[in-house]
Q: 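Here it is, the structure, as structure tokens.
By convention in this document, chain letters (A, B, ...) are assigned in the order of the sequence lines, proteins followed by strands, and residues within each chain are numbered from 1.
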Amino acid sequence: MEKFSIDGPGFINVTLSPDYWRSLLPEIIASGAKYGEIDLGKGQKIQIEFVSANPTGPLNVVSARAAAVGDVLVSVLNLAGFDAWREYYVNDAGRQIRLLGASVAARYATLCGHAEDVPEDGYQGEYIIDLAKEIRSELGDELMQLDAGERAEKLSQIALDKMLALHRQAMDAYRVHYDLWFRESSLRAAGKHFDVLNVLREKGLTYEKEGAVWFRSTDFGDAKDRVLITREGEPTYFLVDIAYHKDKYERGFEKIYDLWGPDHHGYIDRVSAALQALGYAKENFQVRIIQQVNMLRDGEVVKMSKRAGNIIEMREIVDEVGVDAARYFFIMRKLDSPLDFDIELAKKQTDENPVFYVQYAHARLYNIIVHGREKGVELEPDADLSVLNEPEEFAVMRKLGEYPEIIRRIAELMEPHHLTTYLIELASTFHSFYQKHRVISDDRSLSRARLVLVEATRTVIHNALGLLKITAPERM
RNA sequence: GCGCCAGUAGCUCAAUUGGAUAGAGCGUUGGCCUCCGGAGCCAAAGGUUGGGGGUUCGAUUCCCUCCUGGCGCACCA
């Protein structure tokens, strides 16, 4: 530290010495991918559940946003000292799967020459027909020999497996690799939801009304009580979901965070109520709502309607703009803000596109090091850095020093957009330096020192892009 | 009607959770390549932070109220 000063009410300014900033550079290079590591989490086990889309239809663009956000959050949390885990909840049981089976069965029967209507509340989408066609091409008409009930049951399992495989492929292509795809059916098979029901009942937190079993969630802050067992005797999605969340704690997670879509915010209080009723601390279960995505083409919002069948699928958007741009654009905004995704902009390979701005900076940095080597100036992390005295050099060093703080902020606030904002700032700070000063020149000692600055900058950009799982190109 | 979220430069968004002169990108205007990548840089213009109250040394941030937009208010998931 160089000096303290008191400047106005509430401000104490601390000036750090030039040597402090210079010493950061070899540290960054030595740390490599570990630069930015902090001990915020202290090894705490934390689970992030995200996407968890129903396997009854294709993944949409909201899932693509959630997938990018959840994936990056876990990476950042791990860097911040947590033991973080990616999980996907597969709703592979219950009413909707029966409807999936019935819908596919109707299309299948129709293809086999026995015209049948898709049930009123079934799935009408084009993809159901595709599924039916695929199944028929594999199995022929043989399922027509079963009675209608068995056929629907059989087809629901086949369709489920196929949808699930598609979802896994889409996530894989998107570079999201879950630690676990958790099956709802496994909870049901083990009767875990009935265990929950019994516990709540023993605590006197349930009652019967109009033939259904209710949970007194209002005792724990919910707006109204909720049904656990329907009049028909079926467990609700809610009951099984309580069991799922309880199971997370039983598997050793100390904190469980869910990322949900905006249409689920009314659901938060009841799950929180149930977990509190079961004795878990309120603050260990948190839900972040990820707002909607508006797809734009040439500045116009693309109208999407599930009914009309013109939804944009996750796969389509990733195929069209590429994984790098898609991930970047979906991370770019604060979770609370609706996100405008301009498809044409994401595809542009120009300065209008922030992805290319950052990737360009990395390619340029890499190239400078190559150029230095060609000129006989090797990268030496222990070079004498006292020759670095330009304001633009210190601006870059200060920016590099911010990185661990960015990691902390993202981990504490669960807001990954700070990473893309930071990358733009770092790239911009470096470009300003680069424009004004030459790295490789006749002054050997200055060249060596600046190469250290370049490599440290390259390392941080590389690390940040790594967290985003966006490629850091050596040339473009 | 009730609840959640948003409203910041012409456009798309930030602002280290209450701090200093509210910052970037795009767009506009004017400059910069004999030279490590011009996919870059510099400069200028552009703001009553949706309106109005309040809290205090200090508010984009917290509270109240109103306006606008999105979403939700199932024995669906």
Side-chain angles (χ1 to χ4, degrees), chain A residues 7-11 13 52-54 56 89 91 93-97 99 121 184 209-214 223-241 260-269 289-292 294 296 299 329 332-342 345 348-361 363-375 377 392 402 405-406 408-410 412-413 415 417-418 420-422 424-425 427-428 430-441 447 450-451 454 475-476:
Chain A
D7 306 299
F11 295 97
N13 284 331
S52 300
N54 285 333
T56 53
Y89 183 49
N91 305 127
R95 198 180 102 92
Q96 55 180 344
I97 296 302
L99 279 174
D121 44 1
E184 177 185 353
K209 191 178 83 178
E210 294 161 7
V213 179
W214 297 69
K224 52 192 277 194
D225 290 343
R226 308 292 173 176
V227 171
L228 299 173
I229 302 285
T230 70
R231 200 183 300 146
E232 281 79 34
E234 279 232 37
T236 57
Y237 176 86
F238 175 48
L239 175 58
V240 185
D241 207 22
W260 292 349
D263 52 338
H264 283 69
H265 75 249
Y267 188 74
I268 299 173
D269 285 348
I289 296 297
I290 299 182
Q291 290 295 330
Q292 67 183 68
N294 300 313
L296 273 65
F329 273 64
M332 200 160 58
R333 301 291 174 235
K334 193 162 60 172
L335 304 191
D336 288 334
S337 301
L339 183 150
D340 285 341
F341 192 118
D342 189 325
L345 175 61
K348 271 187 194 166
Q349 310 215 344
T350 72
D351 55 0
E352 291 169 75
N353 188 338
V355 187
F356 284 87
Y357 182 81
V358 174
Q359 291 186 316
Y360 176 76
R364 176 180 261 179
L365 285 155
Y366 184 84
N367 194 257
I368 293 168
I369 294 164
V370 171
H371 182 260
R373 193 174 302 133
E374 284 165 358
K375 296 279 180 187
V377 186
E392 290 82 6
E402 274 179 34
E405 273 311 303
I406 299 297
R408 174 185 304 280
R409 202 184 308 167
I410 295 167
E412 282 177 345
L413 307 176
E415 286 287 5
H417 75 281
H418 287 116
T420 50
T421 306
Y422 173 78
I424 294 286
E425 289 171 1
S428 168
F430 176 75
H431 282 314
S432 296
F433 156 78
Y434 174 88
Q435 205 68 29
K436 200 161 172 186
H437 307 286
R438 283 190 66 79
V439 175
I440 306 301
S441 66
S447 298
R450 285 186 172 159
L451 263 189
V454 164
R475 55 181 49 82
M476 298 173 70

Q: Give RNA chain B the dot-bracket treatment, 5' to 3': Watson-Crick (N1-N3 with N6-O4 or O6-N4) or G-U (N1-O2, O6-N3) under 3.5 Å, [ ] crossing, | other strand.
A: (((((((..((((.....[...)))).(((((.......))))).....(((((..]....))))))))))))....

Q: Quote, to the nearest angstrom, the C1' distance that separates C36(B) from A43(B).
A: 25 Å

Q: Between C2(B) and C64(B), how many Å separate the two P atoms, rounded to a whole number?
A: 14 Å

Q: Give me the distance, rounded to whole Å, that separates G47(B) from G10(B) when you measure between the C1' atoms they each carry.
A: 12 Å

Q: Name the nucleic acid region contacted by Lys334(A), choosing base, sugar-phosphate or nothing; use a 4.0 angstrom heavy-atom cut-off, strictly under.
A: sugar-phosphate

Q: Which letters describe nucleotides 69-76 of chain B, given B = protein heavy atom under 4.0 Å from base, S = only from sugar-phosphate, - = neither?
A: -SBS-SBS

Q: Between Arg95(A) and Asp121(A), is there a side-chain N and carboxylate O pair less than 4.0 Å apart?
A: yes

Q: Please identify each residue that fulfils side chain to side chain contact (heavy atoms under 4.5 Å, CB included) with Ala361(A), with sequence neighbours left out.
A: Ala427(A), His431(A), Ile461(A)

Q: If we take the C1' atom in both G23(B) and U49(B), what is their distance in whole Å?
A: 12 Å

Q: Rounded to whole angstrom, note down the C1' distance from C5(B) over to A9(B).
A: 23 Å

Q: Considering only the P atoms, how many Å lie between C63(B) and G7(B), rounded to the nearest integer?
A: 14 Å

Q: Heavy atoms under 4.0 Å, any strand shown: does Leu345(A) hit a base, just sugar-phosphate, or nothing?
A: nothing

Q: Expressed in whole Å, how much space separates the C1' atoms belonging to U68(B) and U8(B)?
A: 15 Å

Q: How is Ala361(A) classified with respect to the nucleic acid when contacts are heavy atoms under 4.0 Å: base, sugar-phosphate, or nothing?
A: nothing

Q: What do you reckon, are the aromatic ring centroids of Phe433(A) and Phe430(A) less than 6.0 Å apart?
A: yes

Q: What is the separation between atom CZ on Arg409(A) and atom P on U17(B), rounded to the nearest whole Å?
A: 7 Å

Q: Between U21(B) and A15(B), how far is it from one C1' atom to the other, in whole Å?
A: 14 Å

